[in-house]
Amino acid sequence: MPYVDIKVAGTLTREQKAKIAEEVTDTLERIAKKPKSYTYITFTEVAGENWAVAGDLLDSD
């Protein structure tokens with residue numbers, strides 16, 4: 001099973017991780033026609049790095 005390792009600066013809440021995972025799986029389902037269970041997603045916290053967040057994944061609706 002393919003997996004995606006998402007590197008994040010600092011700590012994300014469970015809800016934030018779920019939102020990011022949902023965005024990734026929705027994109028794979030829509031573009032690559034893969035089922036939601038196709039990709040295993042992991043999160044790695046990277047201390048001391050200056051990472052930019054792409055898009056508005058963590059913004060509230």
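- Taking the side chain to side chain contact (heavy atoms under 4.5 Å, CB included) definition, one finds that Glu29 meets it with Asp26, Lys36, sequence neighbours left out.
- With rounding to the nearest 0.5 angstrom, the CD1 atom of Ile20 is 9.5 Å from the CD1 atom of Ile41.
- None of Glu23, Glu15, Gln16 except one satisfies the side chain to side chain contact (heavy atoms under 4.5 Å, CB included) rule with Lys19; the exception is Glu23.
- How far CD1 of Ile6 is from NZ of Lys17: 10.5 Å, rounded to the nearest 0.5 Å.
- With sequence neighbours left out, Thr42 forms a side-chain hydrogen bond (donor to acceptor under 3.5 Å, both in side chains) with Asp5.
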